[in-house]
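Every chain is numbered from 1 and lettered A, B, ... according to where its sequence line falls, protein lines coming before strand lines. Here the structure is a predicted model, which is why all the values come from computation and not from measurement.
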Amino acid sequence: MDKYIWLIPLLPLAGFIINGIGRNSLSKNTIGFIASLLVFASFALSVGAFLQIKSTGLPINVTVFDWFAVDNFKVPFSFLVDQLSSIMLLIITGVGFLIHLYSIGYMHDDNGFGKFFAYLNLFVFFMLLLVMGSNYLIMFIGWEGVGLCSYLLIGFWYTNPSYADAAKKAFVMNRIGDLGFLIGIFLIFTYFGSITYADVFSKAAGMHSKDAPFVLITLMLFVGAVGKSAQLPLFTWLPDAMAGPTPVSALIHAATMVTAGIYMIARSNILFTMAPDTMEVIAIVGLVTATFAALIALTQTDIKKVLAYSTVSQLGYMFLGLGVGAYTGAFFHVLTHAFFKALLFLGAGSVIHAVSGEQDMRNMGGLKGKLPITFITMLVGTIAISGIPPFAGFFSKDEILAHAFMHSTTFYVVGVITAMFTSFYMFRMLYLTFYGKFRGTTEQEHHLHESPSNMTIPLIILAILSAVGGFIGVPESLGGHHELEHFLAPVFERSTKIMGEQTLPKNTEWVLMAVSVLGAIAALGYAYSKYVKKADIPVAETEERPALVSLSYHKFYIDELYDTLIRKPLDALSVFLYKVVDLLGIDDFINGLGKGTIEASKGLRLLQTGNVGSYIFMMIIGIIAILVYSFISIHNIK
Amino acid sequence: MQSLTNTMQAVPLNNYILLSAIIFSIGVIGVLIRRNAIVIFMSVELMLNAVNLLLAAFSVYRGDATGQVFVFFIMALAAAEVAIGLAIIVMIYRNTNSIDINVLNRLKW
Amino acid sequence: MTVSILLFLPVVAALAVLLFKNEAAKHAALFFAVVEFAIALIFLGRFVPDASTQFGVDLPWIPVLGVYFNAGIDGISMVMVLLTTLLVPLIILTTYQHQYKNAPVFYALILFMQAGLLVVFTALDGFLFYVGWEAALIPIYFICALWGGENRIRITLKFFIYTFAGSLFMLVGIIYLYLQTPAKTYDLHEFYSLSLDAHHQSFVFWAFFLAFAIKMPVFPFHTWQPDTYTEAPSAGTMMLSGIMLKMGIYGVIRWLIPNAPLGFLNWQALAIILSIIGIVYASIIAFKQTDGKRLVAYSSIAHVGLIAAGIFSWNSLGLQGAMIQMLSHGINIVGMFFIWDIISRRLNTRDISQLGGIAKVAPQFAIVFLIIVLGTVALPLTNGFIGEFLLLNGIFHAQIWLSAIAGLTIIFGAVYMLRMYKNVMQGETNALTLTFTDIHGSEKLVLGIICILIIGIGVYPQPILHISAAAVDNLVRSVTIKIITAGKY
Amino acid sequence: MNTLILISIIPIVLLYLGLYKAKKALLPVSIIGLIVALGLAVAQWTTPDTAQPTFHGMLLFNNFSIAFSAITICSTILILLLSKGYFESISNHIAEYYAIILFSLAGIVVMVSYYNLTMLFIGIEIMSVSLYILAGIKKNDFASNEAALKYFLMGAFSTGFLLFGITLIYGASGSFNLEAIRNYAVTTPHLDPIFYTGIVLIIVGLCFKVGAAPFHFWTPDVYEGSPTLITAFMSTVVKTAGFAAFLRLFSACFSTVSDFWAPALVIIAIITLFIGNITALYQQSFKRMLAYSSISHAGYLLFAIVALGAGSANSILVYATAYSIASIIAFGALILVKQHSDSDSFESFNGLSARNPFLALVLTIAMLSLAGIPLTAGFIGKFYMFSGALTHYQGWLVIIAVINAIISIFYYFRVIIAMYFHTAERTEVVVPAYYKFVLGFSALVTIIIGIYPAFISKLI
Amino acid sequence: MNTFYFIAFLSIFFSILVISAKSPVHSILYLILTFFTFTIHYILLNAQFLAIVNFIVYMGAILVLFLYTLMLINLNKEAEPVKSNLVKLAAVIGGGCFLITIVASLKLLNVSPGVSLQNPGLGLVKNLGKVLFNEFLLPFEVSSILLLSAMVGAVLLATKEPKSAA
């Protein structure tokens, strides 16, 4: 298997190149086929790798070539596939493949079909690099590369300026995080003399938490994660990223790319474990983000926006998990989230597809009958995300909450409340979309249809995964064996050693589970009464809303806040620096030197009066001056 | 003659220098205050003569004849300059009907 | 096989080009430039990447003054030679769609400038270095002033006087060093072996620093640059930004710091801070620029600020970063200015606010533009990344927090570059941009080569880093030793 | 010595030729005579320099003198070549003009080879008196008249100071002989104060002759008013000779008391630089700009005297050569341009690149050389000056020089800008063959010296 | 000694009159007087030949030439326009300053030896001739160029151009 490991990222890259070059000449079917096939091939290889690791327990480490080396800074282009990355590989290639498949149907009428698949393949390539890299810099390539693809795909319909803006925003915000990541890498290199995981982690494990500025390093890495995984305060790009085609939202902005931050922290777990302060920060940021995004999601009317904020919220959960030391739990949630969120997005895509591109839920409703497969699969996804057993989300979320409880009761309480919100807004979405009667135009109504099979099959597969995916991590309190934890144990081994085994009494755990499940169901019920029973439709854009609702609906005015606090001042500063400092200040100073000289010239030439008398007079003055000067200075010499 | 010169024995050299300097300065002042080119030129001649006198004094003081010989060259120069200078003045007068140097300030700045 | 072939061929070529008529001159110039590049590649092939100077030539020039025609190529020079010889044919190729009046003169000037640049990059004699320095300046002045835009006369004169002013101070520094050498020679290695006290070295430092800071340019000596880049004809802008500003950077590496290590030490912090101010300052200004060329000009100031800061950090990382970034920046900026050349030639405007939606009508153009933008914003696997990464890393080793500020470049760079890309390429086409035709012919060739280079170097930079590695290490070590030994006293 | 004799005889021959109306022969005879004189001078070259003072210590025709004689003779030849057809337009007395120029040259040869203050004085006066005449040869031209009178009055005035100075030196040292003066200065423990005053006054006199501030006031007016060809002669040959004389006196006699006079001279040099350069900026007349530029070059040349040393002579030689050649081009071009536009303003150069590319090119080279851009002779000259100044003084003096060099770019490039970047609808400028030769040759020499200065770099 | 002071006083007195006389003709006449006092100085210094030459050349030739020129061009003219008093004052002050500085620089306050006649025959023609035609032969001959040049020039400048009549 080791020999072919480099093929995993290379195949999608090949797909990118082929589709990129042949985007206009190849037929759509060919393009879709090539793209999907190559990703599938990667998936197959990933499965192979996974099986090998599962059987041997040893990571695969392959160096392809030396990327660059300066002085003692050496960066091999090498891959590391261990337990953690092999699962990520499976998610990326597996979910990726499904989404490719789905996209063939979804994008069928789009002019940029070839381009789309090329980008998608490129994304898979970079995402694979991100998780397969054996050092931070390879990860960073993937890290930025996926940012690029995100940019390209959000701006896929670039003729719409606001889409292009959203793309740009995503890239820039990611870049803010990337800078933190980069500085983190520098710090790591400075203190560990290497950026290869193996070296860094083994060295770090042997150190005391005071030996190196672990807090600083991890904070910087966390900044990177915040950007990529859309946490406060850098989350605003993710909702905007919904401008891209829906499969993109599913793949990039739900299942894979945005979880890169979690992957990175999980990967560097030992460093974070050494820095409890950072862990605290991560937990708080995660929790606040989860709640904050959930609050916003409560009132959104755009189906994709709801999902986007839900993603932000779920990512917050994952960070909460990381912050409280539940590495496995967080990663488990990554996995389950990949299933159900991809499912939800694709389902939403199917809905949007059905209603001719309409995304506003106020104009939907009653689609249950028209889109049965979509409805059922989405229902599964919604249940999963709401944390209702035995669907996938329950197990992963529960694990996180349990750890949060161990860490601090407050975290747990807020976490549960957020889970209730989640349940509420997800079902709200479901009800608004599928229940009641259709609220769109008649033309749209005529057009309503279930999506083609290449779109529904992925939905079904993902629905199954969302339903049963949780069983790989059934906690021991429920009589499970938590396969995932055992599988991942080698990765978190060192951290576990430091933190120590943490377990709750079984009854406590049951109570906790019960609380969260009941909370979720209560929220579900409230949503049902509000949106199905009372058929309460969110008010139109122009109408007044209660203050709190309005605040939530307007996303707490965060975008506006950033606009006023950062963008506008910077733009004003730009103009100021250019017009005042650069042109009037520095340049005019320089020009002033020239102008001053010319003015001096104008003045000085008047000395040349043309009058012999004055010439001679000045000569005399000169002579006197020289005589005086000479004889004063000769006194000094003597 | 002999007696006359003997009386000079007592004149300090500095007095000659002083005298020359004064006359030289008077020449300079003359150049400065007059507008008539010819008078200015005469002031210059005054300066040259002051130098001549000083040279002669030095020559005598040193007992060295070269100083006096030098005076001849200055005189030769003076003669040449006068010839040229007056020619120029005549030429200008012919063109402008004036030898006022203040009129001659077309070339300036 | 000495470096003199490389140095004299462009001069001969320049004279030869004058003999041709307009169109033929273009081809002749391209031919010579390509030959020159081929020769450079032969040199590269024979080059042994150790710290030594190779292909040296050392002829008496003005022996009584200690001036020798002493030039050679070491790893650092090799990269610069490659940069120059690579970019000049590309730049000539970018002019293929132009009809310059007096074309032979135009191309002769470019080739002559190339000679000057190569002299600068290979000179091992202070006098020769200075002569090359100025010999590169004169042609570009005429290129800009003869074929430039509306305000060219005033602006190019300012440019010329400004840069000339700087270089005169450098001349003073060179002569000063010369006078200190026991053997009264301009030999660079004699300069290196001098041991002046810190006070005098500070003097030398400033003499050189002014010249290089103006050339690069480092804040606050930069104000000539946006104007000049804007007014110059595209080929001139490319020569200026692609190659010429590297003279300043190269000068810092080769002539400034090793000649005055203690002076450098005294002023290192200031130099780094100025460079970094330049990064942030120029980036912020670039946000709101509406003239495409001017925007790119400011971006160039920011990028060069980063390179300068990396060099002033004075470690192998920063220096190697600077080496590869010089190459990358040269390639990218030529691409960027060519992009703007294409736009302004087609649409007769460089005003970003008037453009939009070009990607729709010119997809190939959009792709190459995007790749160049990505190279410029230092995306990994493009050439810009390697350089910026190493540079930031280098700065990091010198000054942790300054590195964080310098790192803003990767954010700000993305902001202004993407803003530019969005406003030009994305959005809906308007009446103006609808007429835009996609790239073809020589344009495609040039941009294709540039894109290949951007990605090629980004993916596999090691061969280029390898060229200069030994020389850089050696230089860094020798200077560091000097600083340390001086510190003991 | 033979050179001097020959140069003194040629004008007499010319006067006779003029008498016999052999106008055609004037120029060839002058040129051939000068070339022979040049040959005679160069024939005396010895390495190492073994020349001894001759004629009772009146002259020392050593390599220094030979080099400066050669360069002044060469410049004169070039200028005379430009004179074809020039004097005819002024008046009929062409023979006299040639004669007087050559008389002046004879004076210059004396100036560069004197070894006795008497000879210095006579040499200077021969030169000056001839120049007073030459400045005024456009008898009906008001400007020419004014130039002549101004030059004459101020020249005579400054001669007074020179003489006073010489007299005081004589009074202190008892001799006019340079060697004797030197001995006096070296051996006497307490120098007579009048010796110092003498030095200052000699500085005043000589600074006037070379046009250094604040004794430069005559320069712009006289240069502007004189016939252009004469201006060319004044600003090149005369200035070179002035500096040669200056240097010889100060290096031979006063080098031991340089502590006394150097500071003053430094200040003079700086003032000269600033006045020359800054005032030149705003000039509208090309000719007047050249006049101011010549002042500023005097400032640079003074550096060599300030930084007195073994290399000073060579510095001045190189600088003066570079400056002379470039100036000859500039004035030659000016003559041609003026013939077409009847104006010597910068505007009359507009579009010259189109009207005559050759002329524009050589003038560009000249301007670059004057501005001191590398690969031209002017740069080598400046390089020498900076080197010399840096050897002896702290950097600040050179920094000031550098600032001035920067300022000078502005006005030199004005010409280039006018020629290349401004357009004018005027007819083509025709360059006669003589001019083509002189200008082309000068430009070539400028470039050659700029590229390979080795052959001139250590002449003396 | 008193003779010297007297003559010196006269010299100064007349030279002041030279520059202050309103009419140029008067100036010339005063100049003649001044030069005459110089001649006396020369005699006092035992420089007889010099005295004679001074008398002949200056008073006999140069000043007559001046006078002649003045008569030629300015005969029926009013006196020259005078400079303003301010300028005059400045000029006098400037000249005075010059005098003071030059005197100060010569350090005349020091006592100095008297002018002693070491060689009584110094100023004789015979003696001077020897010097002039031995050591100073070359300058003597070279000054012929000066005179020749001046002569040619004077003729050249002073003659009316035949063309200029037009």
Side-chain angles (χ1 to χ4, degrees), chain A residues 20 24 65-73 77 115 126 137-138 140-145 147-148 151-152 155 158-161 163-165 167-168 171-172 174-176 178-180 182-183 185-187 189-190 570-575 577-578 581-583 585-591 594, chain C residues 158 161-162 219-220 222-224 226-227 281 284-289 298 315-317 320-321 324 356-357 359-360 363 370 374 377 379-381 385-386 389-390 392-393 396-397 400 403-404 407-408 410-411 413-415 418-419 421-422 425-429 459-462 465 469 472-473:
Chain A
N24 294 327
F65 64 98
D66 279 333
W67 191 25
F68 64 91
V70 173
D71 214 18
N72 55 351
F73 190 88
F77 210 103
K115 192 172 77 171
F126 276 122
L137 213 55
I138 304 294
F140 190 76
I141 300 178
W143 192 268
E144 289 244 286
L148 166 70
Y151 167 77
L152 292 172
Y158 56 79
T159 47
N160 182 336
Y163 287 11
D165 272 333
K168 196 182 72 176
F171 194 85
V172 170
N174 269 301
R175 270 271 160 132
I176 297 174
D178 294 351
L179 175 58
L182 209 51
I183 293 173
I185 296 176
F186 296 153
L187 281 164
F189 176 68
T190 311
L570 269 182
D571 280 356
L573 185 64
S574 171
V575 175
L577 285 183
Y578 178 58
V581 179
D582 214 47
L583 294 185
I586 301 170
D587 203 27
D588 267 18
F589 175 73
I590 303 292
N591 290 339
Chain C
K158 178 170 138 189
I161 292 180
Y162 207 157
F219 176 89
H222 64 278
T223 50
W224 61 268
D227 287 345
Y281 177 85
I284 291 180
I285 287 182
F287 285 175
K288 292 296 271 183
Q289 292 302 315
Y298 275 107
N315 48 47
S316 293
L317 285 169
Q320 278 288 62
I324 195 153
K360 201 172 173 184
L370 185 66
L374 294 177
V377 302
L379 198 85
L381 296 189
F385 175 71
I386 312 292
F389 179 80
L390 289 172
L392 286 173
N393 205 347
F396 188 84
H397 281 268
I400 293 185
S403 167
L408 288 177
I410 72 166
I411 300 169
V415 173
L418 294 182
R419 186 180 277 190
Y421 186 77
K422 186 212 133 191
M425 302 306 288
Q426 302 178 328
E428 278 297 342
T429 47
V459 172
Y460 196 41
Q462 192 55 34
L465 288 168
V472 163
D473 279 347

(request) Would you confirm whether Gln462(C), through its side chain, and Ala69(A), through its main-chain N or O, come within 3.5 Å as a donor-acceptor pair? (result)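 Indeed, once roles are kept as given, a pair shorter than 3.5 Å links the two residues.
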
Pairs of heavy atoms under 4.5 Å with chain A: top-ranked of [options]:
options: Leu379(C), Leu408(C), Leu465(C), Ile161(C); result: Leu379(C)
options: Ile324(C), Ile400(C), Leu392(C), Ile285(C); result: Ile285(C)
options: Tyr298(C), Tyr421(C), Trp224(C); result: Tyr298(C)
options: Phe385(C), Phe389(C), Tyr460(C), Phe287(C); result: Phe389(C)

Side chain, backbone, both or neither: which part of [X] has a non-hydrogen atom closer than 4.5 Å to chain A?
X: Lys158(C); answer: side chain
X: Lys422(C); answer: side chain
X: Val472(C); answer: neither
X: Leu374(C); answer: side chain
X: Leu317(C); answer: both
X: Asp473(C); answer: side chain
X: Ala469(C); answer: neither
X: Asn315(C); answer: neither

Rounded distance (nearest 0.5 Å) linking atom [atom1] of [X] with atom [atom2] of [Y]:
X: Ile185(A); Y: Asn393(C); atom1: CD1; atom2: CG; answer: 9.0 Å
X: Asp587(A); Y: Asp227(C); atom1: CG; atom2: CG; answer: 6.0 Å
X: Lys288(C); Y: Leu577(A); atom1: NZ; atom2: CG; answer: 13.0 Å
X: Lys360(C); Y: Met425(C); atom1: NZ; atom2: CE; answer: 13.0 Å

Can you name the nearest heavy-atom pair linking [X] to [Y], along with the distance?
X: Pro461(C); Y: Phe68(A); result: CG-CB, 3.8 Å
X: Gly155(A); Y: Ala167(A); result: N-CB, 3.5 Å
X: Gln320(C); Y: Leu390(C); result: C-CD1, 4.3 Å
X: Ala164(A); Y: Gln426(C); result: CB-OE1, 3.0 Å
X: Phe171(A); Y: Gly147(A); result: CD1-O, 3.8 Å

Closest-packed option against chain C by number of heavy-atom pairs under 4.5 Å, given [options]:
options: Leu182(A), Leu570(A), Asp582(A); value: Asp582(A)
options: Leu148(A), Asn72(A), Val575(A), Asp178(A); value: Leu148(A)
options: Leu583(A), Thr190(A), Asn24(A); value: Thr190(A)
options: Tyr578(A), Phe186(A), Tyr158(A), Phe589(A); value: Phe186(A)

Region of [X] in contact with chain C, defined by heavy-atom distances below 4.5 Å:
X: Leu187(A); result: both
X: Tyr163(A); result: neither
X: Asp165(A); result: both
X: Phe189(A); result: side chain
X: Ile141(A); result: both
X: Asp66(A); result: backbone

(message) Please evaluate residues Leu418(C) and Tyr151(A) with respect to the criterion side-chain contact (heavy atoms from CB on, under 4.5 Å), reporting the C-alpha separation (whole Å), side-chain torsions for both, the decisive distance (0.1 Å), and the verdict.
(response) CA-CA 10 Å; Leu418(C) 294 182; Tyr151(A) 167 77; 3.5 Å; yes

(message) With a 4.5 Å cut-off on side-chain heavy atoms, are Trp67(A) and Ile386(C) touching?
(response)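 Yes, side chains in contact.
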
(message) Within the supplied structure, the quantity of interest is the number of heavy atoms (other residues, nucleotides, ligands) at a distance under 6.0 Å from Phe65(A) CZ; does it exceed 12?
(response)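 Yes - once you tally the heavy atoms of other residues, nucleotides and ligands closer than 6.0 Å, there are more than 12.
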
